[in-house]
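Data block below; observations after.
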Amino acid sequence: MVIIMKTGASPEEIAEVTHSIEREGFTPFENPGVERKVIAVLGVIHSHKLQLVDKFQNLPGVERVALISEPYKLPSRQCHPQDTVFEVGGVPVGGKTLAIFAGPCSIESEAQAIETARAVKAAGANFFRGGAYKPRSSPYAFQGLGEEGLKILAACREETGLPVITEVVDPDDVEKVCQYADFLQIGARNMQNYRLLQRVGQARTPVLLKRGFGTRLREMLMAAEYIMVEGNHRVALCERGIITFEDSTRYTTDINAVPVLKHLSHLPVILDPSHATGFSRYVGAVAKAGVAAGADGLLLEVHPNPAEALSDGPQSLKPEAFASLMRELARVASAVDRALPEQGA
Ligand code: PEP
Ligand code: MN
């Protein structure tokens, strides 16, 4: 349920509505910074729904009360009609300028990371990505450098000025990762790790939530709710491909997810064509499709020497290929009234 206040409702009227929600045993959530105040009523409404609607409807300053049919509320566009834009290290996520998260799948060494960070910055990325804790399908595969990788990421930020994003896989690591990273990534395999979602929700570092490869968008929005209800509202949603019967690519890009998520939610939507396709030769086409479909940004794996990469080499772009893709993306972006970040800015 959301309560839409009249334009110009007074602070006293708003306070009365929030007290009234609390008196009924629910938690009010006020969306900040919107021209017409919308107050969400959080909690499970088991009975007397219509009486509650009536009661809230009759309070002074209330324009109308709307029932939200979906079980997720905080990520819902019904609860927050405008697109959310938030800043991370001075870089906006959402809004006209696309967020381009680029870098290697894994941080392998300081030299590899710094070289890649410099290259992606020069080509116009506005975030540097790199995994320090890698959730690998095989326990024998490279698991990441751990805290050493986080230190290298921080050094890359120091070197380039780009804010850095990295995955956190263990709820007990959240605090440590927040000391080094500007943005936390929740990987596909952990989208429904509810303890982890709660912990990143308690942190104040923004979160990129990747879609589980076998989950519905509704479940992804419920995962976002887990984070937001803990107080962290800087969440971006990332489509990264789902498992289908098609096996000529690693996963299948659910391009529909972009307009569907934009319709259902106010949160920024990012597309990851690297994991979705699994092959560098397809990444550019799907990246362009994502921007044309309305994505607010892209996550792209870039490695100076993909053949030697310790993870996800086949889908990683060489720096030159990334730079040339960025030039093509600029043209697609301008066709849909978006823009790439300024190069090297
Ligand atoms: C990654 O970004 O390197 C990664 C492991 O992605 P996903 O969780 O989408 O597989
Ligand atoms: Mn990867």
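Since we're looking at a predicted model, the values are computed, not measured. One-based numbering, in listed order, for ligands and for the atoms of each.
You'll find the ring centres of His233 and Phe29 inside the 6.0 Å limit.
Judged by distance alone, with hydrogens and angles left aside, the side-chain atoms of Glu13 form a donor-acceptor pair with the main-chain N or O of Ser10 at under 3.5 Å. Side chain of Arg204 to main chain of Gln202: a donor-acceptor pair is present (N/O by atom type, distance under 3.5 Å, no hydrogens or angles). Remark: side-chain polar atoms of Ser265 are not paired, donor with acceptor, to backbone N or O of Leu261 under 3.5 angstrom.
For atom 4 (C) of ligand 1, the nearest protein heavy atom (residue, atom name, distance) is His275 NE2, 3.4 Å. The closest protein non-hydrogen atom to atom 9 (O) of ligand 1 is Arg240 NE, 2.6 Å. Taking atom 6 (O) of ligand 1 as the reference point, the nearest protein heavy-atom neighbour is Lys210 NZ, 2.9 Å.
The Cys105 neighbourhood of ligand 1 comprises atoms 3 (O), with distances under 4.0 Å to a heavy atom of that residue. Of all atoms in ligand 1, numbered sequentially from 1 with element shown, those under 4.0 Å from a heavy atom of Lys134 are 1 (C), 3 (O), 5 (C). Atoms of ligand 1 lying under 4.0 Å from any heavy atom of Arg129, numbered from 1 in the order shown and given with element: 1 (C), 2 (O), 3 (O). Near Glu301, meaning under 4.0 Å from any of its heavy atoms, are these atoms of ligand 1: 1 (C), 3 (O). Each of the following atoms of ligand 1 lies closer than 4.0 Å to a heavy atom of Glu167: 5 (C). Every atom of ligand 1 is numbered from 1 in the order shown, and the set under 4.0 Å from a heavy atom of Gln185 is 1 (C), 2 (O). Under a 4.0 Å criterion applied to the non-hydrogen atoms of Gly187, ligand 1 contributes the atoms 8 (O).
At a 3.5 angstrom cut-off on N or O pairs, Ala188 counts as close to ligand 1. Between Asp312 and ligand 1, a contact under 3.5 Å exists for no N or O pair.
Within Asp312, the N, O or S atom at minimum distance from the Mn ion (ligand 2) carries the name OD2. Restricting Glu301 to its N/O/S atoms, the shortest distance to the Mn ion (ligand 2) is reached by OE2.
Ligand 1 is never approached by Arg211 to a heavy-atom distance shorter than 4.0 Å.
Under the 30°/60° scheme for interplanar angles, the aromatic rings of Phe183 and Phe127 are found to stand perpendicular.
Side-chain atoms of Arg64 and Gln57 include no donor-acceptor pair closer than 3.5 Å.
For the side-chain hydrogen bond (donor to acceptor under 3.5 Å, both in side chains) test with Asp272, the passing option among Arg129, Lys210, Arg240 is Lys210; the others fail.
At most 12 non-hydrogen atoms from other residues, nucleotides or ligands lie less than 6.0 angstrom from CD of Glu175. More than 12 heavy-atom neighbours from other residues, nucleotides or ligands sit within 6.0 angstrom of NZ on Lys176.
Salt bridge annotation for Arg211-Glu239: present, with a cationic side-chain nitrogen under 4.0 angstrom from a carboxylate oxygen.
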